[in-house]
Amino acid sequence: MTDTEIKKGLAGVVVDTTAISKVNPETNSLLYRGYPVQDLAAHLPFEAVALLLWTGELPTESELKEFQEFERGHRTLDPKVKQAVDLLPIDCHPMDVGRTAVSVLGANHPKAEDSSPEAELEKAKALFAAFPAVVAYDQRRRRGQDVVEPNPELDYSANFLWMTFGEEQPEEVVDAFRVSMVLYAEHSFNASTFTARVITSTLSDLHSAVTGAIGALKGPLHGGANEAVMHTFDEIGIRKEESREDAAARSKAWMEDALAQKKKVMGFGHRVYKNGDSRVPTMKAALDRMIEHYGRHELLGLYDGLEQAMDEAKRIKPNLDYPAGPTYHLMGFDTEMFTPIFIAARITGWTAHIMEQRAANALIRPLSAYDGPDQRELPAA
Ligand code: COA
């Protein structure tokens, strides 16, 4: 061993600058290009937030309209993607489907190897537009249903739900979904974004970087937590007719037991935020609206009980995945689809970081401290 100080998991290490987002754990705030995320979530369509992340500025009305037209023109499920997805096992994880779809889209993009800023922006926009059809189709094929063609009358968020469920969703549901997309869009140097930057730093292409990022996002310590939250709810048992109080009592007891067994409970804790995740209040408000809309107060009971017991025992707060999981469940998404929805949102942040990395690139190649055996001789033959 050496006496070099090792920062396991790069905890606390600042590896580069970024102008895309600022996470401030002291004030529990998150800014995208200087704008508080809760303000963006309250007022802007997701398409406008995507443009902000990519270009650094809010779009003018005509820029937004132009991008929305582009998005509507690129949202049909690519037949080559459908063919590749159909080759995958019906029970493989939907994150594997998302990862494969991005890879296929990359291989078929006419500018696959062009990494000029103009080509990268065009590829980012096309990927943003194309990905919801992958999530929608994957959920449908698992249910034995056919593809639903996009609806050009609807914006990104409403159309995402349309292609998934085959019917228009009420405005408040579309709005809660839009809020979740804005909140999931970007979060500085998290594991998947850093993965995308590492891949870009080798001068690899945009789709390779996004494909690698999806691999990182799949893990339950990162994006996979929103799905894991729902598994916790399922394990406790969702009883539709139960009162909020009874549900809370059961989930509290479940959490006390889990913590006594030293289990890590997904949807709680964060590497950066130690006093609460800046995105949770906005997402929780959206969850509350969905609870009212669907009349499912027992879910709120399960939610409150876990949160209270965790706070009392360890003072650990929920992260964004905690309110997002039950929100997607109420909307009708299958649990395994939650993290692919996160991909659709985070494509914006990843691709913004890919462009930023490329603009001021340095190969990311850290050092390691060797702690294996000293040099030794092969045994005599
Ligand atoms: N459930 C139970 N205990 C938790 C916990 C959780 N979700 N998150 C942290 N802790 C505890 C750890 O057990 C540890 O306790 P100890 O000091 O008694 O051993 C302490 O809090 C520090 O945890 P640690 O894992 O070292 O913190 P970290 O900064 O490395 O981890 C996470 C951050 C996100 C990996 C971690 O909180 C976690 O695994 N959360 C669950 C997964 C999740 O929701 N991920 C989504 C993140 S947005």
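Both counts, for ligands and for their atoms, begin at 1 and track the order of listing. Atoms considered below: every heavy atom in the structure, side chains included; atoms not considered: hydrogens, waters and symmetry mates.
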F189 and H353 aromatic centres sub-6.0 Å: yes

Within the protein, residues bringing a heavy atom under 4.0 Å of ligand 1, chain by chain: P220, L221, H222, A225, K263, K264, V265, M266, G267, F268, G269, H270, R271, K274, M310, K314, I316, N319, D321

Pair listing, side chain to side chain donor-acceptor pair (under 3.5 Å) test, anchored in residues 23-41, at least two apart: N24-T27, T27-S29

Partners passing salt bridge (Lys or Arg N to Asp or Glu O under 4.0 Å) against E69 (at least two apart in sequence or in another chain): K65

By salt bridge (Lys or Arg N to Asp or Glu O under 4.0 Å) - contacts of R271 (at least two apart): none

CG (D146) with more than 12 external heavy atoms under 6.0 Å: no

Check: T200 main-chain N/O paired with S204 side-chain donor or acceptor under 3.5 Å: no

